[in-house]
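Each remark here refers to the structure printed beneath this line.
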Amino acid sequence: MTWSNWAGNVNATPARVLEPRSVDEVADVVKRSADRGERVRVVGAGHSFTALCATDGALLRLTHLSGIRGIDCARQRVRVAGGTPLHVLNPILDGLGLALPNLGDIDRQSIAGAIATGTHGTGVRHQGIAAAVTGLTMVLADGSVVSVDDSYDTELFQAARVGLGAFGVVTEVELQCVPAFRLRALETPGRLDEVVEGYEQLVAEYDHVDFHWFPHTDRVLLKRNSRVGNDDPGQPQPAWRARLDEDILSNKVFGALNRAAAVRPGIVPRLNQVSARVLGAKEYTDTSWKVFCTSRDVRFRESEYAVPRASLPAVIAALRTWIDTHDVTLPFPVEVRSTGADDVWLSTAYERENAYVAVHQYHRMDDRGVFAAFEAIVREHDGRPHWGKLHTLGADDFTRLYPRFGDALQVRDRVDPDRRFTNDHLTHLLGP
């Protein structure tokens, strides 16, 4: 069979596609693959835009390894099966009075896939999802099952929290949760120069800031989320408004606009002006995951880089100049977010506060060089690419960009010396 990722830009023909129903079955698959001389890759929702999951060997889906496996109420920790989708996990946690401290803007990924690629969310006083991981259960290349944390095999734990699937099959994740919380969401239109100039004040004032700049215009949609107590009088969006904004405008209408842009690229600047105006101001309060996560049905390709937050104005200015002076049309907005530093070895936020800049292109349109130009711009600012999004960097680059990269490679040599969990893309990223 042929496997394709969500965006349709990566295809592979695995020898076998397997859906084990237990950790023992995962271990058996790994052992049998070793006997066959097959490589093993694991896929979740396929939301990575890179070839991380591609294989001509065994492709594992952890669909049946889903749900809560244990709860430590005193420490507010939960153990979750690795194949659990975030859109399943979030309401379960909410029912327990808990929540993840931060989330990205979609919830289709499995928890193992989300941490493997460094899904991060936004908020300078907060961190990505992997920073909330306090333990992992993994099947290693020899078929053994190990549980690691910050007191047992700390180096494997640190390497595998954002592990790219290169250290073993993550079958269970222990997460440090927080009490369930609500967010007051404020969304308003704005001007690019004003938002960039006032960005430091925005991220200091609000818990979570996210803005979307519509290329070929100076318009942005600015999203500011603030954590509020249960006594806050704010109300969720009316059902009609939520359906209008997220289903009709952000997906059905936006999809139609992108299809039109693919046929007539010259209309994109006018379409972006329309898109920026249609998604108007609103304010509402709701459960955290309902505010963080949105539905994205219109398919695209994406490149995202983390740069030091002080570099954001220069990166945006250079990107805007390049777009305005080249024959390129981008109907998707450029997204900007920020997070605090963490201590996860292969996290883009390792020991560094970042701004994240993400460039998108509709999946039916050529990017006409914008991804390469964007990469050249962020290289000047020590940009670290999101592991699941388009980039061309390799092991030599990461040796420079990640202080603990060499340590992670030593762990890989120890737990997977025969490279059972690799493919051509990982060889480019991590070396042979």
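Below, all heavy atoms of this structure are taken into account, side chains as well, without hydrogens, waters or symmetry copies.
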> Does the side chain of T339 come under 3.5 Å of the side chain of N354 through a donor N or O and an acceptor N or O?
Replying inline: no
>> Does any part of the side chain of R224, heavy atoms only, come nearer than 4.5 Å to the side chain of E205, both counted from C-beta?
In response: no
>> With no hydrogens and no angle check, just 3.5 Å: does a side-chain donor-acceptor pair link D142 and S144?
In response: yes
> Within a radius of less than 6.0 Å around CD of E197, do more than 12 heavy atoms belonging to other residues, nucleotides or ligands occur?
Replying inline: no
> What orientation do F398 and F405 show, parallel under 30°, tilted 30 to 60°, or perpendicular over 60°?
Replying inline: tilted
>> Nearest 0.5 angstrom please: E375 CD to H391 NE2, how far?
In response: 8.0 Å
> Are side-chain heavy atoms of R412 and T422 found at a separation under 4.5 Å?
Replying inline: yes
> Given the side-chain rings of W6 and F300, with only the six-membered ring counted for Trp, is the space between their centroids under 6.0 Å?
Replying inline: yes
> Between D210 and T122, is any side-chain donor less than 3.5 angstrom from a side-chain acceptor?
Replying inline: no
> Salt bridge between D153 and R414, side-chain N to carboxylate O under 4.0 Å?
Replying inline: yes
> Which pair of non-hydrogen atoms, one from S303 and one from F371, has the smallest distance, and what is that distance?
Replying inline: CB-CD2, 3.7 Å
> Given the rule in the salt bridge (charged side-chain N to carboxylate O under 4.0 Å, His left out) test, do R320 and D218 qualify, once you have shown the distances and angles that lead to the verdict?
Replying inline: CA-CA 9 Å; R320 184 179 189 181; D218 65 347; 5.1 Å; no
> Do W3 and V43 pass the side chain to side chain contact (heavy atoms under 4.5 Å, CB included) test, and can you show the C-alpha distance, the side-chain angles, and the key distance before you say yes or no?
Replying inline: CA-CA 10 Å; W3 171 83; V43 65; 3.7 Å; yes
> Checking R420 side chain against P417 main chain: does a donor-acceptor pair fall under 3.5 Å?
Replying inline: no
> Crowded around R264 CZ? As in, over 12 foreign heavy atoms under 6.0 Å?
Replying inline: no
>> As an exercise, state the distance from OG1 of T84 to CG of L62, rounded to the nearest 0.5 Å.
In response: 9.5 Å
> Hey, is the main chain of I115 close enough, under 3.5 Å, to the side chain of T119 for a donor-acceptor pair?
Replying inline: no
> Which pair of heavy atoms, one from R419 and one from P432, lies closest together, and at what distance?
Replying inline: NH2-O, 3.3 Å
> Counting distance only, does the side-chain N/O of N102 pair as donor-acceptor with the main-chain N or O of H126 below 3.5 Å?
Replying inline: no
>> What I want to find out is whether E304 reaches R337 closely enough, with some N-O distance under 4.0 Å, to be called a salt bridge.
In response: yes
> From L96 CG over to C73 SG, what is the distance, rounded to the nearest 0.5 angstrom?
Replying inline: 7.5 Å
>> Would the distance check show the side chain of N272 and the main-chain N or O of L330 forming a donor-acceptor pair, the cut-off being under 3.5 Å?
In response: yes
>> Give me the atom names and distance for the closest heavy-atom approach of A7 to H363.
In response: O-CB, 4.0 Å
>> Donor-acceptor check, side chain of R41 to backbone of G165, threshold 3.5 angstrom: yes or no?
In response: yes
> With side chains defined as the heavy atoms from C-beta onward, is the minimum distance between N90 and K290 less than 4.5 Å?
Replying inline: no
>> Test side chain to side chain contact (heavy atoms under 4.5 Å, CB included) on D149 and E174; report intermediate values, then the result.
In response: CA-CA 9 Å; D149 53 30; E174 184 183 68; 5.6 Å; no
> Does the pair D56 and R39 meet the rule for a salt bridge (charged side-chain N to carboxylate O under 4.0 Å, His left out), with working shown?
Replying inline: CA-CA 8 Å; D56 58 1; R39 293 174 174 178; 5.7 Å; no
> For the rings on W387 and Y402, is their centre-to-centre separation under 6.0 Å?
Replying inline: yes
>> For the CG atom of D107 and the NE2 atom of H47, what is their distance to the nearest 0.5 Å?
In response: 9.0 Å
> Once you round to the nearest 0.5 Å, how far does CD1 of I129 lie from CD of Q127?
Replying inline: 12.0 Å
> Closest approach of D342 and V344, non-hydrogen atoms and distance?
Replying inline: OD1-N, 3.1 Å
> Between L65 and P20, which heavy-atom pair has the shortest distance, and what is it?
Replying inline: CD1-O, 3.2 Å
>> Quick one, T117 and Q109 - any side-chain contact, counting heavy atoms below 4.5 Å?
In response: no
>> Contact between L430 and L164 at the side-chain level, heavy atoms closer than 4.5 Å - yes or no?
In response: yes
>> Tell me if the centroids of the rings in F292 and H208 come within less than 6.0 Å of each other.
In response: yes
>> How close do F211 and L192 get, counting heavy atoms only, and between which atoms?
In response: CE1-CD1, 4.0 Å
>> Is there a side chain to side chain contact (heavy atoms under 4.5 Å, CB included) between L98 and L175? Walk through the geometry before answering.
In response: CA-CA 11 Å; L98 299 172; L175 296 162; over 6 Å; no
>> For a quick check under 3.5 Å, do R79 and S147 share a side-chain donor-acceptor pair by atom type?
In response: no
> For Q361, which residues count as a side chain to side chain donor-acceptor pair (under 3.5 Å) partner, sequence neighbours excluded?
Replying inline: none
> When rounded to the nearest 0.5 angstrom, what is the spacing between CG in L346 and CG in L401?
Replying inline: 11.5 Å
> How far apart are the C-alpha atoms of V169 and V29, what are their side-chain angles, what is the distance that settles it, and do they pass the side chain to side chain contact (heavy atoms under 4.5 Å, CB included) test?
Replying inline: CA-CA 11 Å; V169 182; V29 167; over 6 Å; no
> Does the salt bridge (charged side-chain N to carboxylate O under 4.0 Å, His left out) test come out yes or no for D343 and R161, once each step is laid out?
Replying inline: CA-CA 10 Å; D343 65 350; R161 278 205 280 175; 3.1 Å; yes
> Should R32 and E38 count as side-chain neighbours, where that means a heavy-atom distance under 4.5 Å?
Replying inline: no
>> Is there a side-chain contact between R259 and Y362 in this structure, where contact means two heavy atoms from C-beta onward sitting under 4.5 Å apart?
In response: yes
> Considering residues, nucleotides and ligands other than R125, do more than 12 of their heavy atoms fall under 6.0 Å from its CZ?
Replying inline: yes
>> Q176: which residues meet the side chain to side chain contact (heavy atoms under 4.5 Å, CB included) condition with it, sequence neighbours left out?
In response: Q76, R77, T134
> Do the two ring centres, one from F332 and one from F254, sit under 6.0 Å apart?
Replying inline: yes
> If you measure from the Lys or Arg side-chain nitrogens to the Asp or Glu carboxylate oxygens, is any gap between E335 and R296 under 4.0 Å?
Replying inline: yes
> Between S33 and R16, does any side-chain donor sit less than 3.5 Å from a side-chain acceptor?
Replying inline: yes
> Does the side chain of V209 come within less than 4.5 Å of L222's, by heavy atoms?
Replying inline: yes
> So, do Y305 and F374 have ring centers that fall under 6.0 Å from each other?
Replying inline: yes
